[in-house]
Amino acid sequence: MPSTRTIEVVATASDLFHAAAEEFVRAGRAAISAQGRFTVALSGGSTPKALYCLLATNYAAFDWTHTFLFFGDERHVPPNHPDSNYRMVNESLLTKIAIPPENVFRVPAENSDAAAAASDYEAQLRRFFDLQPGAFPRFDLILLGMGPDGHTASLFPDSQALDEQSRLVVANWVAKFNAHRITFTFPVLNRAAEVMFMASGADKANMLRQVLEGKNTPPLPSQTVEPSDGRLLWMLDKAAAAKLTR
Ligand code: 6PG
């Protein structure tokens, strides 16, 4: 079980992004004062875009020079592709803050060989965290979303990457998209000092109840994220939390 699981419910989507931004900054300031740097893996999709915009506008004075940004997953597309998580983060955050380019670690998803892109990114992680063979990086914060099917990062139900226990980053074939995704594996997610899920809107309510209160066999990917020595925080708005019973 994780050290702690907290479910925070706020009224609106706007409240959710403000609360998430405050938590991001709190965790960042704590990490920088404790160890001189803040390592974060960002989530993709559409929900977090508003968080990134808020961080860019309201927290431009945050200590971005000691912050190191990674991507928990990426689509198998070039960085300027409309589906690229990097493109979304670049437009909503990176172009608006004073973060040194060398502090941002982009997945080389333009590589037509998805497995090679994953290996390259894994090597970047190993170098940055100076990892011994078999060791996993401990991110100060990993941001995650939850898809309507219970996936998180690019760990989709019934996909091969769910069983990966030794690699840090893999190329995961996602049948429903007929495409690869590049994704962190569960060992990396579950090594984090803190994982913050963000879920907003009524379309997530049914799945959230399953993930947070249901017993599923096999467990849904979002249920499998339980940092072994870290904080698990679910940040929800009321609409997303509407079906929860406690
Ligand atoms: C991605 C994300 C993915 C996302 C969920 C939820 O690359 O799409 O990493 O895991 O977090 O699909 O997306 P929304 O929060 O936008 O619904």
Side-chain angles (χ1 to χ4, degrees), residues 10 12-17 19-21 24 40-55 69-79 81-93 105-110 114 117-118 121 139 141-159 161-162 164 169-186 188-190 192 195-212 220-225 232-237 239-242:
V10 294
T12 66
S14 168
D15 296 332
L16 171 61
F17 300 124
F24 181 102
V40 192
L42 300 175
S43 62
S46 53
T47 299
K49 185 168 182 173
L51 165 63
Y52 303 146
C53 289
L54 202 56
L55 288 171
L69 300 177
F70 295 78
F71 292 77
D73 71 318
E74 185 55 278
R75 289 77 183 284
H76 188 206
V77 294
H81 189 282
D83 291 347
S84 165
N85 287 334
Y86 173 80
R87 174 171 160 173
M88 179 271 288
V89 172
N90 192 45
E91 289 171 351
S92 54
L93 180 63
F105 296 81
R106 180 179 68 77
V107 180
E110 65 276 17
Y121 203 52
F139 280 88
L141 177 64
I142 296 184
L143 301 181
L144 291 175
M146 183 202 73
D149 60 359
H151 82 264
T152 190
S154 285
L155 297 163
F156 286 80
D158 309 318
S159 68
L162 299 182
E164 180 58 52
V169 184
V170 294
N172 194 26
W173 178 256
V174 185
K176 68 177 174 182
F177 298 139
N178 196 33
H180 280 106
R181 293 275 190 95
I182 292 119
T183 185
F184 280 8
T185 58
F186 282 125
V188 173
L189 302 182
N190 287 329
V195 171
M196 175 162 69
F197 276 91
M198 282 191 300
S200 169
D203 67 326
K204 300 286 175 73
N206 287 326
M207 183 46 74
L208 266 175
R209 175 156 177 187
Q210 276 202 61
V211 164
L212 295 178
L220 291 157
S222 293
Q223 283 181 306
T224 311
V225 178
L232 176 58
L233 172 60
W234 282 84
M235 200 75 95
L236 312 174
D237 62 16

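Since this is a predicted model, take the numbers as computed values, not measurements. Just follow the structure's listing: the first ligand is 1, and inside any ligand the first atom is 1. In what follows, every heavy atom counts, from backbone to side chain, and hydrogens, waters and symmetry copies are set aside.
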Sorted by chain and number, sequence neighbours left out, side-chain hydrogen bond (donor to acceptor under 3.5 Å, both in side chains) with Asn206 holds for Lys243

### Query
Between Phe156 and His151, what is the ring plane arrangement, given parallel below 30°, perpendicular above 60°, and tilted in between?
parallel

Output for ligand 1, non-hydrogen cut-off under 4.0 Å, lists Gly44, Gly45, Ser46, Thr47, Asp73, Arg75, Asn85, Gly145, Met146, Gly147, His151, Thr152, Ala153, Arg181, Lys204

Which label fits Trp234 and Phe197: parallel for a plane angle under 30°, tilted from 30 to 60°, or perpendicular past 60°? parallel

Has the side chain of Tyr121 got a donor or acceptor atom that lies under 3.5 Å from a matching backbone atom of Phe71? yes

Do Asn172 and Ser154 get their side chains close enough for a donor-acceptor pair, meaning under 3.5 Å? no

When you look at CG of Asp158, are more than 12 heavy atoms from neighbouring residues, nucleotides or ligands closer to it than 6.0 Å? no

